[in-house]
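Throughout, numbering of the chain's residues begins at 1 and tracks the sequence. The figures here come from the full heavy-atom set of this structure, side chains too, leaving out hydrogens, waters and symmetry mates.
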Amino acid sequence: MTSIPDDNSELNTQSSANRNITDIPDIYPAPGWVWQYPPVKQSILKFAKPLALSIVELFHYALFLTQLGVAYALYRFPPHTSYESMFWLMMAPVFQILAGFAPIVMHEYEGWQVAPFQDQPLNRGQYNNERLREAAYKLLFAYQAVAAIMFIIGVYGIQQWKIGFLTISNPWTLIILGSTFVWLYIGPRTPLSTFYVDLGQGKRPVFPIPLGILVTFAIATIIYIIAMIHLYGLVPALITTLFLLLGGATEGLIAESTFNQFWHFLAVVFLGAAGITQIIALVYL
């Protein structure tokens, strides 16, 4: 005899499953004020008290203010350039802000804690989501590459580039730029550039970035540094570069392999200092 499914039984099963998901221990406590955070995921986490997490979260959002400050400084103290160049220069910090949203979404999902990564989202009480980190890093580095290219266009334009003894003129400049933007969009998500480091917590995977995007980002960054030297001068450009390198290495290399929240905080301080350096360079340009 065939049994007839009990709709109420299915609803009860689904409701029970939903309760199991929402009862995962690292969901934000109700009602979810900004100072309320999930329980600490791992005993090896350091400086993961709610106050420390609130400070880290605040400084991440403060990076948006520094980039808005760069855009305003370009508007208020414009370098000697055309209106078209100014547009591209001001687009660079806008895309830096867009790039920052990817890791912020990841941090919001993870309760702003740096913890060991696994591709097991239902085990969020112990681990961060590795697949989510890979997606966040892909978008972060892709948009940062776009931001660097916007700045480069603002400094050198699109009509003609002179690279040593090589001169590239329009339309080839547009073809190169268009191809780069298309590549950043369609480029493969694998292989990843992941490597392993051991800073006292065992071997941990860091920088899971699609290799094609990483190479594009590296090339764009090198030209971006040269463009900063051209616009800001040697010393401000090198200081900005140093802060950017320190911020990226501190978060992606140290914080995400030691799971020490102090390094997470220090990383955003370095990144904020890079934006402030650019503002000062523009004011006294």
Side-chain angles (χ1 to χ4, degrees), residues 24-73 93 96-117 124-130 132-133 135-137 139-141 143-144 147 197 199-201 204 206-207 239-280:
I24 295 173
D26 71 325
I27 294 295
Y28 288 87
W33 293 102
V34 71
W35 54 81
Q36 293 180 300
Y37 291 93
V40 176
K41 295 186 176 184
Q42 295 283 339
S43 59
I44 56 177
L45 283 174
K46 297 181 179 179
F47 299 103
K49 300 293 185 182
L51 178 59
L53 295 173
S54 291
I55 293 173
V56 168
E57 182 176 358
L58 176 63
F59 272 69
H60 271 76
Y61 284 108
L63 294 180
F64 294 167
L65 295 179
T66 61
Q67 290 304 311
L68 288 174
V70 172
Y72 180 76
Q96 285 286 2
I97 291 174
L98 290 176
F101 275 109
I104 280 182
V105 169
M106 178 184 69
H107 289 321
E108 181 70 20
Y109 177 83
E110 305 294 7
W112 291 90
Q113 300 176 25
V114 282
F117 289 87
R124 290 174 60 198
Q126 294 296 320
Y127 298 98
N128 285 354
N129 190 329
E130 174 61 27
L132 179 61
R133 177 169 71 156
Y137 267 64
L139 295 175
L140 170 65
F141 278 79
Y143 275 101
Q144 284 186 327
V197 297
L199 297 179
Q201 303 294 346
R204 303 292 181 178
V206 295
F207 289 114
I239 293 175
T240 299
T241 303
L242 177 62
F243 280 137
L244 290 174
L245 290 174
L246 287 173
T250 301
E251 172 134 3
L253 186 64
I254 302 177
E256 292 189 1
S257 61
T258 63
F259 318 116
N260 187 323
Q261 200 71 23
F262 170 76
W263 294 111
H264 196 189
F265 164 73
L266 190 60
V268 289
V269 171
F270 285 139
L271 295 174
I276 292 172
T277 302
Q278 292 184 73
I279 294 171
I280 294 173

**Q** Yes or no on side chain to side chain contact (heavy atoms under 4.5 Å, CB included) for N260 and V114, after CA distance, side-chain angles and deciding distance?
**A** CA-CA 7 Å; N260 187 323; V114 282; over 6 Å; no
**Q** Might you point out which heavy atoms bring A48 and V40 nearest each other, and give the distance in Å?
**A**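 Shortest heavy-atom separation between A48 and V40 comes out as O-CG2, 3.8 Å.
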**Q** Can you name the residues that form a side chain to side chain donor-acceptor pair (under 3.5 Å) with E251, not counting sequence neighbours?
**A**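 Per chain and number, E251 pairs via side chain to side chain donor-acceptor pair (under 3.5 Å) with H107, H264.
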**Q** Could you list all the salt bridge (charged side-chain N to carboxylate O under 4.0 Å, His left out) pairs where at least one residue sits in residues 256-275, not counting sequence neighbours?
**A**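 Passing the test, one end in residues 256-275: R133-E256.
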**Q** State which residues pass side-chain contact (heavy atoms from CB on, under 4.5 Å) with A147; sequence neighbours excluded, sorted by chain then number.
**A**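 With sequence neighbours excluded, A147 shows a side-chain contact (heavy atoms from CB on, under 4.5 Å) to F95, Q96, given in chain and number order.
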**Q** How long is the gap from CD1 on I55 to CH2 on W35, to the nearest 0.5 Å?
**A**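 Rounded to the nearest 0.5 Å, the CD1-CH2 separation comes to 14.5 Å.
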**Q** Quick one, I276 with I280, criterion side chain to side chain contact (heavy atoms under 4.5 Å, CB included). Give me CA distance, side-chain angles, the key distance, then yes/no.
**A** CA-CA 6 Å; I276 292 172; I280 294 173; 4.0 Å; yes
**Q** List in chain and number order the residues that pass ring-ring contact (aromatic ring centres under 6.0 Å, His included) with F265, two or more places apart in sequence or in another chain; answer none if no residue qualifies.
**A**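 Partners of F265 under the ring-ring contact (aromatic ring centres under 6.0 Å, His included) test: F59.
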**Q** Any pair with a residue in residues 52-64 that passes salt bridge (charged side-chain N to carboxylate O under 4.0 Å, His left out), sequence neighbours left out, goes on the list, sorted by first then second residue, please.
**A**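 Applying salt bridge (charged side-chain N to carboxylate O under 4.0 Å, His left out) to every pair that reaches into residues 52-64, excluding sequence neighbours, yields nothing.
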**Q** Only counting residues at least two apart or in another chain, list the ones meeting side-chain contact (heavy atoms from CB on, under 4.5 Å) with L140.
**A**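 If we apply the side-chain contact (heavy atoms from CB on, under 4.5 Å) test to L140, skipping adjacent residues, the hits are A99, P103, Q144.
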**Q** Rounded to the nearest 0.5 Å, how far apart are CZ of F117 and CG of L132?
**A**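 Here the interatomic distance stands at 8.5 Å.
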**Q** Name every donor-acceptor pair, under 3.5 Å, that has one atom in a side chain of residues 241-250 and the other anywhere in the protein, sequence neighbours excluded.
**A**
| from | atom 1 | to | atom 2 | distance (Å) |
| --- | --- | --- | --- | --- |
| T241 | OG1 | A237 | O | 2.8 |
| T250 | OG1 | L246 | O | 2.5 |

**Q** Who pairs with Q36 by side chain to side chain donor-acceptor pair (under 3.5 Å), at least two apart in sequence or on another chain?
**A**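 With neighbours one apart ignored, the set is empty.
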**Q** Just verifying a value: how many Å separate W33 CH2 and S54 OG, rounded to the nearest 0.5 Å?
**A**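 Nearest 0.5 Å value for the CH2-OG distance: 13.0 Å.
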**Q** Any idea which heavy atoms bring P29 and P38 closest together, and the distance?
**A**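 Closest approach of P29 to P38: CD-N, 4.1 Å.
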**Q** Look at the side chain of N128 and the backbone N and O of Q113, then say whether any donor-acceptor pair between them is shorter than 3.5 Å.
**A**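 Between the backbone of Q113 and the side chain of N128 there is a qualifying donor-acceptor contact (under 3.5 Å).
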**Q** Tell me every residue that passes side-chain contact (heavy atoms from CB on, under 4.5 Å) with I254, counting only those two or more places apart in sequence or in another chain.
**A**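 Here the qualifying residues are L199, T258, W263.
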**Q** Check R204 against S257 and note the closest heavy-atom contact, atom names and distance.
**A**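 That closest heavy-atom pairing would be CG-O, 3.7 Å.
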**Q** Quick one, E108 and Y28 - any side-chain contact, counting heavy atoms below 4.5 Å?
**A**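 Yes, close enough: below the 4.5 Å cut-off.
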**Q** Could I get the full list of side-chain contact (heavy atoms from CB on, under 4.5 Å) partners for I104, not counting sequence neighbours?
**A**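 By the side-chain contact (heavy atoms from CB on, under 4.5 Å) rule, I104 matches H60, Y61, F64, W112.
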**Q** How would you list, by chain and number, every residue that makes a ring-ring contact (aromatic ring centres under 6.0 Å, His included) with Y143, sequence neighbours excluded?
**A**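 Partners of Y143 under the ring-ring contact (aromatic ring centres under 6.0 Å, His included) test: none.
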**Q** Got a sec, which residues hit ring-ring contact (aromatic ring centres under 6.0 Å, His included) with F262, two or more places apart in sequence or on another chain?
**A**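 Testing F262 for ring-ring contact (aromatic ring centres under 6.0 Å, His included), a comparison that skips the adjacent residues, returns none.
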